[in-house]
Chemist: 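Sharing a structure with you now.
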Amino acid sequence: MRRADIRDLLGGLLIVAIGGAFLIVGSSLRFGTAERIGPGFFPLVTAVIIIGLGGLMIALSFLRSGAAPRISWRPLCVVCASIGVFIVTTIYLGYVPAVFMTVVTASLAERGHTVQALAVACLMTLGIWLIFDFGLGLQLPAFRSPF
Amino acid sequence: MGLVDNLYLGFETAFSFVNLFYCFLGVTLGTFIGVLPGIGALAAVSVLMPVTFYMEPTSALVMLAGVYYGAEYGGSTASILLNLPGTASNAVTCLDGYPMAQQGRAGVALFATTIASFVGGTIGILVMMLFAPMIADVALSFQSAEYVAIMLLGLIAAAAITQGSTIKGLIMIALGVILSTVGVDAHSGTARYTFGLFELYDGISVVIIAMGLFGVSEMIFAILAVHSNTDTGKVPLRSMLPTRDEVRRSVGPTLRGSAVGSAVGALPGTGVTLAAFLAYASEKRISPRRKLFGKGAVEGVTSPESANNAAAQTAFIPTLSLGIPGSATMALLLGAMMIHGIAPGPLVMTEHPEIFWGLIASFWIGNVLLLVLNIPLIGVWVRILRIPYRYLYLGILPLICVGVFSLRGSLLDVGLMLIIGVFGYLLRLLAFEPAPLLIAFVLGPMLEENFRRTMVLGRGDLMFFFANPISATLLVLTGVILLWAILAPLIRLRSRPGGAEEGE
């Protein structure tokens, strides 16, 4: 019986996993009584609902057939890398240089077009500096020295 | 205060130079961002929200509201010219708008859209002005049980009405609610799901959820999905005017669309997309020219466009007077209000009348500005659409990083946004709709608080929810919608033997 909607099956499994995680982590919270519900009541009840719905999804996925979804790895990795670069660069150099590094990293998603990408990087760096540092006077480190 | 006095106060506030400027800025930026394919009102408001933190509450709201309905309008430009909906609600506009463009009547479509949007927005504002105070009065009689009931109604309606199966919508609602519990529980002082990180004690900011779920995940989707930009050609002013016959045919659909939009937009949980689709579907059913729909009928453009602008305005009714957002974007605006220290709800009208009526007056002004702005600028928008997405996302990515970072100066927030973004990408790959999660996330704390209060009042008896006629009716209505949403696809499935149905 290979007939199943793989996408919904995977979705259901993910949902059950998430619900389970919330349930396990939240199990230490006080549940409380019906009259005075504790901090654990809402999250745990919701987690159970999530698990239930996820299970339903899994069950129903066997009534249909469907293809598995495909992850676009390159954009995914590039976006993760770019934001990671933003975080690290901000720590050491402040957020304005971080903008430059982020754009450069992000442009790696597309082969070629390096000149235009660099142009955008410079433009964005200048723009962000103008808006956030010069314009809004953000009390955050725009430029920092790593030394 | 009478209506006229309120309006006077409102216009006084809105016509201040500062607010006029921000209205103009918001409307322009909103239209610009809304024109960019795939990036809609929600992303526009998310991206610009941090910028507004340093402004006066009224100005901030005026600008964000301007961004919101400016983006709704801008989205239709991309829909018509490139068959790429700028916002989800503009997807319906593509159906007739793009064929019109292909027949060389792009200018007519754009012009008709502008006028229809203006009429829809105006009617929506009128409905808002006349009925918001009434609804606010009703709202003041709401107790905690009624709040729980109406919030559940809104959430279930949102889940039932989104694309895809209701079960997935319900899952997203539940996820939104549980994510909203992250942080220190105000009532008991217990930390929930914080993993010892003190940055999480205040919970996750709604901006992070929005930018991650919509911005980051959208980028991952769109980066490599490159479309070759079709040659859109020049759009001279002369070609923008519709024929007399087309004008005549547009009147009915525009008015009917506005009516549908006004009604649907005011209901909590439903949204602009629903309004546009319902208007189009009903117009198609009653129009003598229904065969032409989908092939470039001007009615197919004016009806949904007036509907979604009317809905965009009336969506403010539940937000402002009841404190319950009518859509995901409204949820964000609600969050913005709370960040500025304004607790939305029936008391806003009495405690901050200048904000409420100033906002309404600014809607008027904003709609006029949209009209004035967009007709000459149609040519400019067309040229911007020629920028390949590979450069657009390079600009948006650092902007949202800095935006989120500027919330609290916390890089953990940026990292959290990334995690949520990846998560959002996975969810969308698995055919989940992210919007209900956002609505549920904003409503979650209120839902829990009111539920707790009701349980205390009712001494732990769940039947207490049915003690009051209002809450009982709302809960029954919620149950009906839920059952209908679950059973309707099943019935269709049964009457079509062997048909694989998108649904339960």
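The chains referred to below are lettered A, B, ... by the order of the sequence lines, with proteins before strands, and numbering in each begins at 1. Since the structure is predicted, the reported quantities are computational estimates derived from the model, not experimental observations.
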Chemist: Pick one of side chain, backbone, both or neither for B:Phe464, based on which atoms fall under 4.5 Å of a heavy atom in chain A.
Modeler: neither

Chemist: So which of A:Ile83, A:Thr102, A:Val99 has the largest heavy-atom pair count under 4.5 angstrom toward chain B?
Modeler: A:Ile83

Chemist: Any chance you could lay out the side chain to side chain contact (heavy atoms under 4.5 Å, CB included) test for A:Arg70 and B:Leu429, step after step, and finish with the verdict?
Modeler: CA-CA 8 Å; A:Arg70 255 185 302 130; B:Leu429 266 188; over 6 Å; no

Chemist: Is chain B contacted by the side chain of A:Phe100, its backbone, both, or neither, given a heavy-atom distance below 4.5 Å?
Modeler: neither

Chemist: To the nearest 0.5 Å, tell me how far B:Leu426 CG sits from A:Ile71 CD1.
Modeler: 5.5 Å

Chemist: With only heavy atoms counted, which part of A:Leu14 is less than 4.5 Å from chain B, the side chain, the backbone, both or neither?
Modeler: side chain

Chemist: Looking only at heavy atoms, which two atoms of B:Pro398 and A:Met124 are closest? And how far apart?
Modeler: CG-CE, 4.1 Å

Chemist: Between B:Ile171, B:Val177, B:Asp185, which residue shows the highest count of heavy-atom pairs closer than 4.5 Å to chain A?
Modeler: B:Ile171

Chemist: For B:Glu449, does the CD atom sit with more than 12 other heavy atoms under 6.0 Å from it, leaving out its own atoms?
Modeler: yes

Chemist: Can you tell which part of A:Ile37 gets under 4.5 Å to a heavy atom of chain B, answering side chain, backbone, both or neither?
Modeler: both

Chemist: Mind jotting down which residue pairs meet the side-chain hydrogen bond (donor to acceptor under 3.5 Å, both in side chains) criterion with at least one end in residues 421-432 of chain B? Sequence neighbours excluded, please.
Modeler: A:Ser72-B:Tyr425, B:Ser217-B:Arg428, B:Glu218-B:Arg428

Chemist: If you take all heavy atoms of B:Ala174 and A:Ile50, which pair is closest and at what distance?
Modeler: CB-CG1, 3.4 Å

Chemist: If I take atom CE from residue B:Met172 and atom CG from residue A:Leu53, how far apart are they, to the nearest 0.5 angstrom?
Modeler: 12.5 Å

Chemist: Return the option, out of B:Leu427, B:Val414, B:Ile178, B:Val422, with the maximum number of heavy-atom pairs under 4.5 Å with chain A.
Modeler: B:Ile178

Chemist: Going from CZ on B:Arg459 to OG1 on A:Thr33, what distance comes out if it is rounded to the nearest 0.5 angstrom?
Modeler: 12.0 Å

Chemist: Taking the side chain as everything from C-beta on, heavy atoms only, tell me whether B:Leu175 gets closer than 4.5 Å to A:Ile18.
Modeler: yes

Chemist: With a 4.5 angstrom heavy-atom cut-off, which part of A:Ile87 approaches chain B: side chain, backbone, both or neither?
Modeler: both

Chemist: Sort out for me which of A:Pro69, A:Gly54, A:Ala106, A:Pro43 touches chain B most, counting heavy-atom pairs under 4.5 Å.
Modeler: A:Pro43

Chemist: Heavy-atom distances under 4.5 Å only: say whether A:Ala98 touches chain B with side chain, backbone, both or neither.
Modeler: neither

Chemist: Find the distance between CZ (B:Arg452) and CZ (A:Arg36) and round it off to the nearest 0.5 Å.
Modeler: 10.0 Å

Chemist: Less than 4.5 Å apart, side chain to side chain, heavy atoms only: is that true for A:Phe86 and B:Leu397?
Modeler: no

Chemist: Walk me through whether A:Leu10 and B:Leu430 qualify under side chain to side chain contact (heavy atoms under 4.5 Å, CB included).
Modeler: CA-CA 8 Å; A:Leu10 289 175; B:Leu430 297 166; 4.0 Å; yes

Chemist: Considering only heavy atoms and a distance below 4.5 Å, find which of B:Gly421, B:Ser188, B:Cys401, B:Gly409 pairs most often with chain A.
Modeler: B:Cys401

Chemist: With a 4.5 angstrom heavy-atom cut-off, which part of A:Ile91 approaches chain B: side chain, backbone, both or neither?
Modeler: both

Chemist: Relative to chain B, which segment of A:Arg30 carries a heavy atom at a distance below 4.5 Å: side chain, backbone, both, or neither?
Modeler: side chain

Chemist: Could you tell me which portion of B:Ile419 (side chain, backbone, both or neither) has an atom closer than 4.5 angstrom to a non-hydrogen atom of chain A?
Modeler: neither

Chemist: Would you give the length of the straight line joining atom CZ of A:Phe41 to atom OG1 of B:Thr181, rounded to the nearest 0.5 angstrom?
Modeler: 13.0 Å

Chemist: Do you know which of B:Leu457, B:Asp461, B:Leu447 has the most heavy-atom pairs under 4.5 Å to chain A?
Modeler: B:Leu447

Chemist: Donor-acceptor pair, distance only, cut-off 3.5 Å: does the side chain of A:Arg7 make one with the backbone of B:Ala431?
Modeler: no

Chemist: Under the ring pair (Phe, Tyr, Trp, His ring centres under 6.0 Å) rule, collect the residues that match up with A:Phe42, sequence neighbours excluded.
Modeler: none

Chemist: Quick one: what part of A:Val103 sits under 4.5 Å from any heavy atom of chain B, side chain, backbone, both or neither?
Modeler: both

Chemist: Using 0.5 Å steps for rounding, measure from the OG1 atom of B:Thr190 to the CG atom of A:Leu29.
Modeler: 7.0 Å

Chemist: Measuring heavy-atom distances to chain B, does A:Ala117 have an atom under 4.5 Å in its side chain, in its backbone, in both, or in neither?
Modeler: both

Chemist: Above 12 or not: heavy atoms from other molecules or residues under 6.0 Å from OH of A:Tyr92?
Modeler: no

